[in-house]
Amino acid sequence: MEPEERILGIESSCDETAAAVVAGGRRIVSSVVASQLDTHGKYGGVVPELASREHLRAIVPVVREALSRAGYSYQALSAIAVTEGPGLAGSLLVGITYAKALCSVTRLPLIAVNHLEGHIYAVLLEAGHDLELPALALVVSGGHTHLFEVTGKFTYRLLGKTRDDAAGEAYDKVAKLLGLPYPGGPVIDRLASYGDPEAVRFTSPKMKGNALDFSFSGLKTAVLRWVESRGMEQEIAERRARHGAGFEELLAATPKATLDLLASFQRTVIDELLSRVTRSAGEIDARTILISGGVASNRGLREAAAHLAGIPVLFPTPALSTDNAAMIAAAAFPKLHRREFAGPDLAAHPALSLA
Ligand code: KG4
Ligand code: ZN
């Protein structure tokens, strides 16, 4: 039997420093994610300069930890894969520079991976690579809200994307304006399940041109107007002062009207996402739907997507939905087989597109 190929993946495109070893394209041998939540939490969003500095601090121990948990030395690897973009320029550069240095010392080939393709592979890691095609892929995170048609293996066609904020960004901004902790997605997701999603009616933005594009900045502004019209300053200040408290305490101190607002906001985001998914799946006659990225761990979205008409909808487990390096290593396997290697001149591509 051929020995399984093993790839070390490195991810540093935003605010997670991550490294993982994946064997045979599917088996996660180790996966380490160092989050920068403590650094960015007090600002309510990612501060790029601080992110690069934290990556610099974390990259060496994180990679070491991934290899030591796997029990492998560099000789046991077939390649090193790294995220080349899209993402924050300074953050990407830390991962790329370190990966290049490791490759030059170990003489392992370097593989450049698109972060969005990584998110799609997070689903394939668990579901297997033999999907019925064409597939529809929604990548929905703090930085992206993109719909792709997956036409064949490794060929993508962009069907629609956000024209302003990404869906996760809308969660983070709404959380910030309501005095909730960062990142906003997980906490709003939990609080929303205690509110009435029909309580506040938000209108869908009218999209001129491509009807499969998204827009979330109007929704964020509508939430802001709602908050301003109700004079919630004291409630918000008290909530901010309580950061770090447990969820039960936060829930008990949140008025019903605010829970209803959050449930209605979440319902609107889910409706916006799934209306495009349903429509585009019909247009391309999709056989499978893949939903990945940080927002894919949203419980409301998972429940609602389970009821989409007759097409299997696949999600990664929540730990693989948010940024990680196992998805980067997994996406590198087909490139290893095609011997698609990057040179020592590999640069960061902050605005890299997938299609
Ligand atoms: O994929 P990810 O880790 O990083 C990016 O590539 O952006 O996604 C992080 C984003 C954040 O905006 C966070 O608020 C959102 O995913 N998120 C969620 C949930 N968990 C994380 N949004 C909604 N519901 C969740 N349960
Ligand atoms: Zn991501």
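Starting from 1, each residue takes its place in the sequence as its number. These figures come from a predicted structure and were not determined experimentally. Atoms within a ligand are numbered from 1 in the order they appear, just like the ligands themselves.
When only non-hydrogen protein atoms are considered, atom 14 (O) of ligand 1 lies nearest to Asp172 OD1, 2.7 Å. The nearest heavy-atom contact from the protein to atom 21 (C) of ligand 1 is Gly294 O, 3.4 Å. For atom 22 (N) of ligand 1, the closest non-hydrogen atom of the protein is Gly185 CA, 3.3 Å. For atom 26 (N) of ligand 1, the closest heavy atom belonging to the protein is Asp189 OD2, 3.0 Å. Protein heavy atom at the shortest distance from atom 24 (N) of ligand 1 is Asn298 ND2, 2.9 Å.
Residue contacts with ligand 1 for Val295 involve both N, CA, C or O and side-chain atoms from C-beta outward (heavy atoms, distance under 4.0 Å).
The existence of a salt bridge linking Lys173 and Glu169 is confirmed by a sub-4.0 Å separation between a basic side-chain nitrogen and an acidic carboxylate oxygen. Contact check on Glu117 versus Lys335 returns a salt bridge, with a Lys/Arg side-chain nitrogen under 4.0 Å from an Asp/Glu carboxylate oxygen. By the 4.0 Å N-to-carboxylate-O rule, Arg163 lies too far from Asp165 to be salt-bridged with it.
The cationic group of Arg190 lies under 6.0 Å from the six-membered ring centre of Phe247 and within 45° of the ring axis, placing it in a cation-pi geometry. With a 6.0 Å cutoff to the six-membered ring centre and a 45° limit on the axis angle, Arg276 counts as a cation-pi contact of Phe214.
Around the Zn ion (ligand 2), the protein atoms of type N, O or S found under 2.8 Å away are His115 NE2, His119 NE2, Asp323 OD1, listed by chain and number.
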query = ring-ring contact (aromatic ring centres under 6.0 Å, His included) between Tyr121 and Phe333: does it pass, once the steps are laid out?
reply = CA-CA 10 Å; Tyr121 268 82; Phe333 272 83; 9.4 Å; no
Steps toward salt bridge (Lys or Arg N to Asp or Glu O under 4.0 Å) verdict (Arg27, Glu4) = CA-CA 10 Å; Arg27 194 165 61 82; Glu4 262 186 337; 2.9 Å; yes
Residues 30-37 side chain polar contacts: donor-acceptor under 3.5 Å, at least two apart:
{"residue": "Ser30", "atom": "OG", "partner": "Ala66", "partner atom": "O", "Å": "2.7"}
{"residue": "Ser35", "atom": "OG", "partner": "Leu37", "partner atom": "N", "Å": "3.1"}
{"residue": "Gln36", "atom": "OE1", "partner": "His40", "partner atom": "NE2", "Å": "2.7"}
{"residue": "Gln36", "atom": "NE2", "partner": "Ala51", "partner atom": "O", "Å": "3.3"}

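Of all atoms in ligand 1, numbered sequentially from 1 with element shown, those under 4.0 Å from a heavy atom of Pro183 are 13 (C), 14 (O).
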